[in-house]
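Notes follow the structure.
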Protein chains: 2
Amino acid sequence: MAAASTRHNIIEIADDLFYRGGFEATSFADIAVKASISRGNFYYYFKTKDEILNAVIDRRLRRTRTMLDGWEAQAPKPRERIVAFIELLIANRAPIMAHGCPVGTLCAELAKLDHVHQERAAEIFGLFAHWLEEQFRALGADEAAREWALHVLAWSQGVASLATALKDGDFIRREVADITTWLDGRIASLSN
Amino acid sequence: MAAASTRHNIIEIADDLFYRGGFEATSFADIAVKASISRGNFYYYFKTKDEILNAVIDRRLRRTRTMLDGWEAQAPKPRERIVAFIELLIANRAPIMAHGCPVGTLCAELAKLDHVHQERAAEIFGLFAHWLEEQFRALGADEAAREWALHVLAWSQGVASLATALKDGDFIRREVADITTWLDGRIASLSN
DNA sequence: GCATGATTTGGACAATTGTCCTAATCATGC
DNA sequence: GCATGATTAGGACAATTGTCCAAATCATGC
C-alpha cells in the first residue's frame with residue numbers, strides 16, 4: 001500500500017477508536033491490530049502517541065471545516081444552516097448516547113490529562129463557535145451574535161452529555177425542538 | 001489508624017484523583033502514595049479498581065443527597081433552591097474550567113470504557129434531576145416539571161463542558177445569568 | 001505478658017504500556 | 001536484474017499496570 005494511504009488509514013482508525021474508547025484507553029496495539037499493520041510499521045509513521053493525537057485533531061478540524069462549508073453551500077439561509085448544526089444531535093444520536101460528543105469528550109479528557117494538545121482540540125469548538133457567530137451575524141444579530149453562538153454550542157453539549165448518561169434518545173429530540181424554538185424566537189426578536 | 005478512617009481516607013483521595021485526572025489514568029499507586037499507605041495495604045481495603053470506583057460513586061451519591069437536603073433546609077422557596085443549584089457553576093468555576101463537571105466527566109468516561117458502573121454513576125444525575133423536578137413541581141409546574149428539570153441539568157452540563165474547553169470564566173457568569181432569567185420567565189408563565 | 005485477630009508492609013506476578021531498533025521485504029529507476 | 005530507498009515485520013526494552021501473597025507489626029482482651 002502507498003505510504004500516504006497507510007498513514008491516512010491509521011489516522012482514520014485512531015480517530016474512530018479515540019472517539020469510541022477514549023484517547024488514553026486506546027493503545028498503539030489496538031490501532032495497529034485494527035489497521036492490520038505491525039506495531040513496528042506503526043512507529044514508521046508516528047513516533048509518539050501525541051503525534052497520532054495531533055494528526056487526529058487535524059483530521060477532525062479539516063472535516064469540521066468541510067462540513068461547515070457544506071452546510072453553507074447547501075443552505076442559503078442562515079437559519080437553515082444553524083438548524084443543520086442543531087440536527088446533528090438527532091442524526092448522530094445513537095453514537096452520542098453510546099460515546100458522547102466527539103469534540104466535548106475529547107476536550108474533557110485532554111483537560112483531565114492536562115495534555116499539551118488540549119488547546120488544539122478546543123479549536124474544533126472554536127470553528128463551530130465562529131461559524132455559528134457568522135450565521136447569527138448574517139441574520140442581523142451584531143452584538144449578540146457571539147453570545148448566541150456560544151449558547152447554541154453549550155446547549156448542544158449539554159444535551160449530548162445528558163443523553164450519554166441517561167441513554168435517552170427522546171430527550172435529544174425534545175431538546176432539539178426547544179433549541180429550534182429558541183432560535184426562531186431570537187430571529188423574530190431581530191425584526192422588531 | 002482505625003480501619004474505618006483509613007478506608008474513608010482512601011475513598012476521599014480516590015474521589016479527588018478520579019475527578020482531577022480521570023478514573024483510568026489514576027492508578028492504585030497514585031492513590032496509595034497520596035494516602036501515604038503501601039500498595040499492599042490498599043489491597044486490604046479494595047480488591048479491585050472497580051471496588052474503589054464503586055465506593056467513590058457511593059460517596060458522591062451520599063454527598064449529593066446531603067447537598068440537596070442542605071439547600072432544602074436553607075432555602076424555603078423552590079426558586080432560591082434552583083438558583084442555588086445553578087450557582088454551583090459559579091462557586092466551582094475554577095475546578096470546572098480545569099477538570100469539568102465531576103458528574104458529567106465521570107459518566108462520559110465510564111460510557112467510553114463501557115464500564116459496568118456507568119448506570120450507577122448516572123444515578124447522580126438522577127438525584128439532581130429528581131430533586132429539580134420536585135422543586136419545579138412545588139412551583140406549580142406539573143406536566144413541565146420533569147422537562148424543565150432536565151433542561152436546567154443539560155444547560156448546566158453544556159456550560160461546564162464549554163467552559164472547560166474554552167477556559168472562559170466570564171462565559172460561565174453570563175450563562176448562569178441567562179439560566180436564572182429563563183427560570184424567572186418560566187415561573188412568571190405559571191401564574192398566568 | 002501472652003494470644004488472637006486486625007492492620008500494614010514490601011515485594012512478586014504476568015500482562016500491557018509507549019518507545020525504539022534491526023533486519024527483512026518491497027517498489028522503482030536505471 | 002541490480003542498486004537504492006521506502007516500507008514492513010517482529011521483537012527488545014524498561015516502566016507501569018492491576019492483582020495477589022506471605023510475613024511482619026500492631027492493638028486489644030484476658
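Computation of the quantities below employed the complete heavy-atom set of this structure, encompassing side-chain atoms and omitting hydrogens, waters and symmetry-equivalent molecules. Per chain, numbering begins at 1; letters A, B, ... match sequence-line order.
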Length of the CD-P vector between A:Glu51 and C:dC20, whole Å | 10 Å

Does B:Ser27 place a side-chain N or O at less than 4.0 Å from the phosphate oxygens OP1/OP2 of D:dT16?
-> no

Grab the CD-P distance between A:Glu24 and C:dT17 for me, whole Å please.
-> 11 Å

Tell me what B:Ser38 touches on the nucleic acid: a base, only sugar-phosphate, or nothing, going by heavy atoms under 4.0 Å.
-> base

Taking B:Lys167 for its side chain and A:Glu119 for its backbone only, find out whether a donor-acceptor pair lies under 3.5 Å.
-> no

Nearest whole angstrom, please: distance from the P of D:dT8 to the CD1 of A:Ile10.
-> 8 Å

B:Tyr43 OH - C:dG11 P separation (whole Å) | 19 Å

Watson-Crick or G-U counterpart of D:dA9, or none if no pair lies under 3.5 Å | C:dT22

Mapping B:Gly40 and A:Thr48 to their closest nucleotides on DNA chain C, which lands nearer the 5' end?
-> B:Gly40

Between D:dG10 atom C1' and A:Arg39 atom CZ, what is the distance in whole Å?
-> 7 Å

How many Å lie between CG on B:Leu113 and C1' on D:dG18, as a whole number?
-> 15 Å

Give a yes/no on whether any side-chain N or O of B:Tyr45 is located under 4.0 angstrom from OP1 or OP2 of C:dT8.
-> yes

Rounded to whole angstrom units, what separation is found between the CZ atom of A:Phe28 and the C1' atom of C:dG18?
-> 6 Å

Cluster overlap B:Leu150 with B:Leu190, hydrophobic side-chain contacts below 4.5 Å = yes

Considering only D:dT7, C:dT19, D:dT19, which nucleotide approaches the side chain of A:Asn41 most closely?
-> D:dT7

Would you say D:dT8 has OP1 or OP2 under 4.0 Å from some side-chain N or O of A:Thr6?
-> yes

Salt bridge between B:Arg20 and A:Asp114, side-chain N to carboxylate O under 4.0 Å?
-> no

Looking at every strand, decide which applies to B:Thr26 at a 4.0 Å heavy-atom threshold: base, sugar-phosphate, or nothing.
-> sugar-phosphate

Taking B:Arg79 for the side chain and B:Ile187 for the main chain, is one N or O donor matched with an acceptor at less than 3.5 Å?
-> no

Round to a whole Å and report the spacing from NZ of A:Lys49 to P of C:dT17.
-> 9 Å

Pairing partner of D:dG29 (Watson-Crick or G-U wobble, both distances under 3.5 Å) | C:dC2

Looking only at side-chain N and O atoms, does B:Tyr44 come under 4.0 Å of OP1 or OP2 in C:dT8?
-> no

With distance as the sole criterion, is a donor-acceptor pair present between the side chains of A:Ser27 and A:Asp30 under 3.5 Å?
-> yes

